Trainee: 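Starting off with a structure, shown below.
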Amino acid sequence: MTADPAAPPLAVSVGEPAGIGAEVVAMAWARRAVAGLEPFYLLADPAFVAARLARAGIAVPIAVVEPETAAAQFADALPVVAVDGAMGDRPGRPDPADAAAVIAAIETAVAHVRDGRAGAVVTAPIQKSNLYAAGFAFPGHTEFLGAVAARHWPGAPCDPVMMLAGPELSTVPVTVHVALKDVPRLLTRERIVAVGRIVAGDLARRFGIADPRIAVAGLNPHAGEDGTMGREDLEIVGPAVADLKALGIRASGPYPSDTLFHRRARTGYDVVLGMYHDQVLIPVKTIAFDETVNVTLGLPFVRTSPDHGTALDIAGRGVADPASMVAALALAGRMAATGRTGAPT
Ligand SMILES: NC(=O)C1=CN([C@@H]2O[C@H](COP(=O)(O)OP(=O)(O)OC[C@H]3O[C@@H](n4cnc5c(N)ncnc54)[C@H](O)[C@@H]3O)[C@@H](O)[C@H]2O)C=CC1
Ligand SMILES: NCC(=O)COP(=O)(O)O
């Protein structure tokens, strides 16, 4: 893809300072030419970024900039835009004291898109438990971004839906960061239909898949085996699939999920709608952990993220694989370009 020189850069929030976020962003910058990445800047505490890269032995120069000058610096240095608040360089040891700056980085990225200073948001992983300890009231980025978007784009549809997009498999969990025991209670016909509609609309609008085939996974073993192994597939999932079909959406199912992800089955659909997190995140991460991207559908702006988490166990050593961050930056760049031109690239 040829970068549009007039396009605003991508805004990247640094995520959990105790994790690998700053490292994989810097390593992605080092691959900018070979990966054909659009210009981006990192939202973080610059002192923290400098300390972490030095500690990790990552020889990437940084330039502290404003968003407006990031693209001009991008060829020579990793542009860093300072956020309010300090971040500590404590690899593997999250501290709630960093939470305010971590959240500020995410909020600032969205504000920059709203103001036209950035073209899309890319987020490095957050340590959810650490933010919860500091009072963060959202399960993760996905829901938080929905709330921030509703504030910045009043009246616009803001119903965030998580999709894991990989080279061979893309999946969407209908319920996300909830305990397994709560899934049956939270799974409603209406929510499955709402998610299916957003997926169909955004795959067409943002990914150029005009009439996407949506395979819907059942909740229970063997999709309930005619109601003998749980009634949710008969009473909730099946009727939701019927509703989606009635809306003209190419949905099918519910399918037993144990046979939905093998190579031959994957040729039969564009995306799987699953009923809970692990049902659909395990297969995508198993097939392509290093290339899969977490993309939020249903928002008035583009947001992508690597599929992995904070990897506290390897932070500070410069050994993390930046491939998923590279893929997230590349996808955000393509999606932002689609938004500008109306044509998938
Ligand atoms: N978008 C986000 O903000 C996400 C945040 N998380 C959060 O991350 C934290 C840790 O989650 P975990 O389940 O432990 O998953 P994780 O992905 O952080 O780590 C799982 C294993 O994969 C390895 N790993 C992860 N990314 C790697 C990379 N780029 N290169 C090499 N090895 C890598 C780690 O070292 C670890 O052994 C949790 O707080 C979780 O909520 C998890 C996924 C996404
Ligand atoms: N398991 C996916 C994940 O944790 C990403 O969540 P989010 O922070 O992107 O909402």
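It should be emphasised that the depicted structure is a prediction, and the values quoted were computed from it without experimental measurement. Every number for a ligand or one of its atoms is a count from 1 in the order of the listing.
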Trainee: With heavy atoms of S305 as the reference, note each atom of ligand 1 found under 4.0 Å away.
Mentor: 1 (N)
Trainee: Which atoms of ligand 2 are found less than 4.0 Å from any heavy atom of H277?
Mentor: 1 (N), 2 (C)
Trainee: Heavy-atom contacts under 4.0 Å between D290 and ligand 1: side chain, backbone, both, or neither?
Mentor: neither
Trainee: Which one holds for D313 and ligand 1: side chain close, backbone close, both close, or neither close, with close meaning a heavy atom under 4.0 Å?
Mentor: side chain
Trainee: Give me the residue, atom name and distance of the protein heavy atom closest to atom 7 (C) of ligand 1.
Mentor: I126 O, 3.3 Å
Trainee: Under a 4.0 Å heavy-atom limit, does L281 contact ligand 2 with its side chain, its backbone, both, or neither?
Mentor: side chain
Trainee: Any atoms of ligand 1 less than 4.0 Å from a non-hydrogen atom of D321? List them with their elements.
Mentor: 28 (C), 29 (N), 30 (N), 31 (C)
Trainee: Relative to ligand 1, is I314 under 4.0 angstrom through side chain, backbone, both or neither, heavy atoms considered?
Mentor: side chain
Trainee: Checking side-chain polar atoms at under 3.5 Å, does N220 have a donor or acceptor matched by the opposite partner on D233?
Mentor: yes
Trainee: Verify, without hydrogens or angle tests, whether D45 (side chain) and A86 (backbone) share a donor-acceptor contact under 3.5 angstrom.
Mentor: no
Trainee: Determine whether any protein heavy atom is located less than 4.0 Å from atom 36 (C) of ligand 1.
Mentor: yes
Trainee: For a ring-ring contact (aromatic ring centres under 6.0 Å, His included) check, start with the C-alpha distance between Y41 and F74, then their side-chain angles and the critical distance, and finish with the verdict.
Mentor: CA-CA 8 Å; Y41 59 85; F74 189 69; over 10 Å; no
Trainee: Taking the side chain from W29 and the backbone from V60, do they hold a donor-acceptor pair closer than 3.5 Å?
Mentor: no
Trainee: Test your reading of the model: is there a side-chain donor-acceptor pair from Q279 to the backbone of M275, 3.5 Å cut-off?
Mentor: yes
Trainee: Could you tell me the residue and atom name of the protein heavy atom closest to atom 4 (O) of ligand 2, and the distance to it rounded to 0.1 Å?
Mentor: K128 NZ, 2.7 Å
Trainee: Would a 4.0 Å cut-off, counted as strictly less than, catch a protein heavy atom around atom 21 (C) of ligand 1?
Mentor: no
Trainee: Is atom 13 (O) of ligand 1 in close reach of the protein, with a heavy atom under 4.0 Å away?
Mentor: no
Trainee: Side chain, backbone, both or neither: which applies to F289 and ligand 1 if a contact is any heavy-atom pair less than 4.0 Å apart?
Mentor: side chain
Trainee: Which residue and atom name correspond to the protein heavy atom nearest atom 42 (C) of ligand 1, and how close is it?
Mentor: G309 CA, 3.3 Å
Trainee: Minimum distance, heavy atoms only, to atom 5 (C) of ligand 1: which one of H141, K285, K128, H308 is it?
Mentor: K128
Trainee: Between S324 and P306 (side chain of the first, backbone of the second, donor and acceptor by atom type, cut-off under 3.5 Å), is there such a pair?
Mentor: no
Trainee: Between R317 and E23, is there a side-chain N and carboxylate O pair less than 4.0 Å apart?
Mentor: no
Trainee: Pick one of side chain, backbone, both or neither for how R303 approaches ligand 2, counting any non-hydrogen atom pair under 4.0 Å.
Mentor: side chain
Trainee: Nearest protein heavy-atom contact for atom 10 (O) of ligand 2: which residue, which atom, what distance?
Mentor: T142 OG1, 2.6 Å
Trainee: Could you tell me whether N294 approaches ligand 2 through its side chain, its backbone, both or neither, with non-hydrogen atoms closer than 4.0 Å?
Mentor: side chain
Trainee: Out of curiosity, is G140 lining ligand 1, as in a heavy atom under 4.0 Å away?
Mentor: no
Trainee: Quick one: do R93 and E16 make a salt bridge, cutoff under 4.0 Å?
Mentor: no
Trainee: Hey, which atoms in ligand 2 end up nearer than 4.0 Å to a heavy atom of G140?
Mentor: 8 (O), 10 (O)
Trainee: Checking the N or O distance criterion of under 3.5 Å, is ligand 1 in contact with T310?
Mentor: yes
Trainee: Tell me yes or no: between the side chains of R213 and S252, is some donor less than 3.5 Å from an acceptor?
Mentor: no
Trainee: Looking only at protein heavy atoms, which one is nearest to atom 6 (O) of ligand 2, and how far off is it?
Mentor: H177 CE1, 3.3 Å
Trainee: Where do A35 and V326 come nearest, in terms of heavy atoms and distance?
Mentor: CB-CG1, 3.6 Å
Trainee: Quick one: does any side-chain atom of R205 pair with a main-chain N or O of D202 as donor and acceptor, under 3.5 Å?
Mentor: no
Trainee: Give the atoms of ligand 1, by number and element, whose distance to some non-hydrogen atom of P125 is under 4.0 Å.
Mentor: 2 (C), 3 (O), 4 (C), 5 (C)
Trainee: Give the residue, atom name and distance (to 0.1 Å) of the protein heavy atom nearest atom 18 (O) of ligand 1.
Mentor: A311 N, 2.8 Å
Trainee: Can you tell me if T310 and Q127 form a side-chain donor-acceptor pair at under 3.5 Å?
Mentor: yes
Trainee: May I have the step-by-step check of salt bridge (Lys or Arg N to Asp or Glu O under 4.0 Å) for R191 and D159, ending in yes or no?
Mentor: CA-CA 11 Å; R191 186 61 193 154; D159 187 357; 2.8 Å; yes
Trainee: Considering all heavy atoms of both residues, which atom of R197 and which atom of L244 are nearest to each other, and what is their separation?
Mentor: N-CD2, 3.9 Å
Trainee: Take atom 16 (P) of ligand 1 and look for protein heavy atoms under 4.0 Å from it; say yes if you find one, no if not.
Mentor: yes
Trainee: Apply salt bridge (Lys or Arg N to Asp or Glu O under 4.0 Å) to the pair D98 and R90, showing each step before the final yes or no.
Mentor: CA-CA 10 Å; D98 290 331; R90 299 176 222 90; 2.9 Å; yes
